[in-house]
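Note on naming: letters A, B, ... go to the chains in the order of the sequence lines (proteins, then strands), and numbering restarts at 1 for each one.
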2 protein chains.
Amino acid sequence: MRVRLEDVARATGVSPKTVSRVLNEEPSVKEATRQKVLAAMESMNYRPSPAARGLAGSRSFLVAMLYDNNDNPASTYLAEIQDGVLDACEAHRYSMMVCPLRMRGQDFLHRIDALVTDHHIDGVVLTPPLTDNRKLLARLQEHGVAHACISPVRRKDVVGVYMDEQKAAGDLVTHLIGLGHQRIAHVVGIADHGASRWRQAGYKAALTAAGLAVDPSYIVQGEFTFGSGVVAARQLFTLKHRPTAIFAANDDMAAGVMWTANEIGLKVPRDLSVCGFDDTPMATQLWPSLTTVRQPSREMGRLAAQQLLEQLRGRGEGRLVQIPYELQLRASTAALPG
Amino acid sequence: MRVRLEDVARATGVSPKTVSRVLNEEPSVKEATRQKVLAAMESMNYRPSPAARGLAGSRSFLVAMLYDNNDNPASTYLAEIQDGVLDACEAHRYSMMVCPLRMRGQDFLHRIDALVTDHHIDGVVLTPPLTDNRKLLARLQEHGVAHACISPVRRKDVVGVYMDEQKAAGDLVTHLIGLGHQRIAHVVGIADHGASRWRQAGYKAALTAAGLAVDPSYIVQGEFTFGSGVVAARQLFTLKHRPTAIFAANDDMAAGVMWTANEIGLKVPRDLSVCGFDDTPMATQLWPSLTTVRQPSREMGRLAAQQLLEQLRGRGEGRLVQIPYELQLRASTAALPG
DNA sequence: GTGAAAGCGCTAACAA
DNA sequence: TTGTTAGCGCTTTCAC
């Protein structure tokens, strides 16, 4: 029924071990032998059994994508990353599992243990804010499980992918300043997320670079959700000198800001310019369409997984790669009248 | 290092086979023995190796969630279903893989073969429109792989979960009629999706039941995307007798309709009532917030997987369960003035 | 109701 | 560069 490694060996006239060597791309096989075996595998449509490989060997050819189920950014962000990770896994004949964790609460370390003990996971892809959880990283280290990070805060000795979010945020705010805005507010994301810190830092840097003061009352806390954008906007709209532009740390909060503007009759962008970050599908679906920064999530997932696999397959070390961003200037920002 | 079944056996003073019997919930074990073994497993923190079980036995304790990568509904829909499937799998100690397919193009059957041959998948959860692909279903049958469907078109001899979408759509349109609307248009979804058919059928039924004519020029084709909602709305807005209400077959298209209304200066709901279907997060984030039908995707994923596992574990047959819907009446619909 | 032996398909550690 | 032997941790088959 099933074509086994042994069958390929017999058909080729070599030992099972040699076929195994070819399968695992070990260098110590004569090129002629390798070609013969490869040809037989192909023609016999041989497919190795992951179960047998996992049981006998030290590798499982399995990676897991971990994400936080509480403080998750928009689900579309995670879905795109997942697709990217899957792309890379398929290209290298690895399988992927998905593993939601609840970072608040203590069970989440046990889930790591289970993943390692049960499935012998070879490596994991970490999404924010998991990328910076010291307990999690320590546990992975204990288990000897490799990992790649997406947008990690620490960038030293880390494998994965990141964007220069600070510079991107700075560019966005500089754009607002170029449109004549001076009273520019910022809605911050969840406090300990790297994304919040970078985007806020970029905001401040741009103001400072333009010789504008950083007014603390123009900086309000959010938590990356639509609702928190609404709350933040309401607070900003009660200020004596209302901001003429608001930079929200992500698109969801920007949507909340625009919703609130509608609520009190402010017209975007005439009365208020709004911009976000991420370029989720929503950005083009809002009215007016949202000025934001494009973050290529799927590509980031793909690259992170690729670096992880690079490392697992012993081909080089796995690096931290930077991915470029793109400003998306749309209809929600406009020049300040007068 | 690892606690094996044999270790549990030794600690309990029974044979490995007996421990295996307990593990697999086989009936032919004396209750006292079973308790003893269970206790030992617990205290020794025994975790069976999926690889070994898969290799030796006929089951893999693995299910896959399949989805279409081309005609996919909103990614948030799939993400929620995935979470639900995962919930059920964890509750029954099964693992889940995700498997995107491209239904256009022919490779997708090979991917099924790979899933079965490589991973010995025990069963799959099918999402629309995969639920009704005859080739896919036939292939699964060939392989003897069980499946559960989410919102399948055929409802006979099928395991899974569905909602009465036709009735829900009818209720929505009836609500519009109750508000005084008579010129009610409908934006249809992708032609061969069950969701499109049911929602359109509900629309027509409600009109007919109210003694209103079904005007073909008020029914325009869409494809479940925001952009197609825009196109459809533009078409409807050029009609001599513009509709006073538009029922789009999903929230994304409804958002497109609202966007277009904005574009040409129509005010929702004063000049136009709009409603959608699904109650995605977007529905509450639009301005004005969208009247729609709540479809509990995560719960549907959970239930479908649960029925699948029920079937796999031989406890009963697995049924097709119906899940209730809920109308969400929000700000995008209002009484017709005059 | 329980156990002994064999083997799932592959890789490890050695040997040649 | 290639082959041999043993066994990964479990389930199967068959015996008792």
Side-chain angles (χ1 to χ4, degrees), chain A residues 1-38 40-41 44-62 93 95 116-120 122 312-314, chain B residues 1-38 40-41 44-62 93 95 116-120 122 312-314:
Chain A
M1 191 65 214
R2 169 186 256 286
V3 181
R4 294 156 309 157
L5 186 142
E6 194 194 330
D7 302 324
V8 177
R10 200 163 6 230
T12 330
V14 300
S15 77
K17 180 63 206 177
T18 297
V19 178
S20 170
R21 287 193 176 99
V22 172
L23 181 61
N24 292 294
E25 302 176 11
E26 288 174 27
S28 61
V29 179
K30 204 168 61 182
E31 187 54 26
T33 317
R34 147 183 251 86
Q35 290 305 337
K36 222 172 28 176
V37 172
L38 248 21
M41 284 179 166
M44 301 175 77
N45 194 24
Y46 169 68
R47 329 216 77 218
S49 152
R53 294 229 273 177
L55 185 57
S58 52
R59 298 178 298 172
S60 63
F61 301 92
L62 241 187
R93 296 182 153 270
S95 298
V116 176
T117 317
D118 296 359
H119 294 281
H120 276 297
D122 288 337
L312 289 179
R313 308 181 5 146
Chain B
M1 191 66 215
R2 168 187 256 284
V3 181
R4 293 157 309 158
L5 185 141
E6 193 193 332
D7 302 324
V8 177
R10 200 161 9 228
T12 328
V14 299
S15 78
K17 178 63 208 176
T18 296
V19 179
S20 171
R21 287 194 176 96
V22 172
L23 181 62
N24 292 294
E25 301 176 11
E26 289 174 27
S28 60
V29 179
K30 205 168 57 181
E31 187 55 26
T33 317
R34 147 183 250 85
Q35 290 304 336
K36 225 172 28 179
V37 171
L38 247 21
M41 283 179 167
M44 301 173 78
N45 192 26
Y46 169 69
R47 332 214 74 221
S49 154
R53 295 230 271 176
L55 185 56
S58 52
R59 297 180 297 173
S60 63
F61 301 92
L62 243 184
R93 294 181 155 274
S95 298
V116 176
T117 318
D118 297 359
H119 294 281
H120 276 298
D122 287 338
L312 289 179
R313 304 179 6 144

[N], OP1 or OP2 - any side-chain N/O from [X] closer than 4.0 Å?
X: T18(B); N: dG3(C); result: yes
X: S58(A); N: dT11(C); result: no
X: S20(B); N: dT11(D); result: yes
X: S49(B); N: dG9(D); result: no

**Request:** Output yes when a side-chain donor or acceptor of R2(A) lies under 3.5 Å from a complementary backbone atom of T117(B), and no otherwise.
**Result:** yes
Between [atom2] of [N] and [atom1] of [X], the distance in whole Å:
X: D7(A); N: dC8(C); atom1: CG; atom2: P; value: 11 Å
X: E31(B); N: dT2(C); atom1: CD; atom2: P; value: 11 Å
X: R34(B); N: dT2(C); atom1: CZ; atom2: P; value: 10 Å
X: E6(B); N: dG7(D); atom1: CD; atom2: P; value: 12 Å
X: R59(B); N: dT12(D); atom1: CZ; atom2: C1'; value: 13 Å
X: R4(A); N: dC10(C); atom1: CZ; atom2: P; value: 8 Å
X: F61(B); N: dC8(C); atom1: CZ; atom2: P; value: 19 Å
X: E26(B); N: dC10(D); atom1: CD; atom2: P; value: 15 Å

**Asked** Do K17(A) and dA12(C) have a side chain to base donor-acceptor pair shorter than 3.5 Å?
**Response** yes
**Asked** Taking N and O atoms by type only, does the side chain of R21(B) place a donor or acceptor under 3.5 Å from a partner on the base of dG3(C)?
**Response** yes
**Item:** First encountered from the 5' end of DNA chain D, between K30(A) and A52(B)
**Value:** K30(A)
**Request:** Could you say whether V19(B) or T33(A) is positioned toward the 5' end of DNA chain D, judged by the nucleotide with the nearest heavy atom to each?
**Result:** T33(A)
Residue pair [X] / [Y]: nearest heavy atoms and the distance that separates them:
X: P48(B); Y: L23(B); answer: CB-CD2, 3.8 Å
X: A51(B); Y: G54(A); answer: CB-C, 4.5 Å
X: M44(A); Y: A11(A); answer: SD-CB, 3.8 Å

**Request:** Have a look at Y46(B) and say if it touches a base, only the backbone sugar-phosphate, or nothing, with a 4.0 Å heavy-atom cut-off.
**Result:** sugar-phosphate
**Message:** Base, sugar-phosphate or nothing for P48(B)? Non-hydrogen atoms, less than 4.0 Å.
**Reply:** sugar-phosphate
Please pick, from [options], the nucleotide with the shortest atom-to-atom distance to any side-chain atom of [X].
X: L5(B); options: dG9(C), dG3(D), dT11(D); result: dT11(D)
X: L23(A); options: dT11(C), dC8(C), dC8(D); result: dT11(C)
X: L55(B); options: dG9(D), dT4(D), dC10(C); result: dG9(D)

**Cationic N near anionic O, under 4.0 Å, D118(A) to R47(B)** = yes
**Item:** First of A56(B) and P16(A) reached from the 5' end of DNA chain C, by closest nucleotide
**Value:** A56(B)
**Request:** Supply the atom-to-atom distance E31(B) CD to Q35(B) CD, rounded to the nearest 0.5 angstrom.
**Result:** 4.5 Å
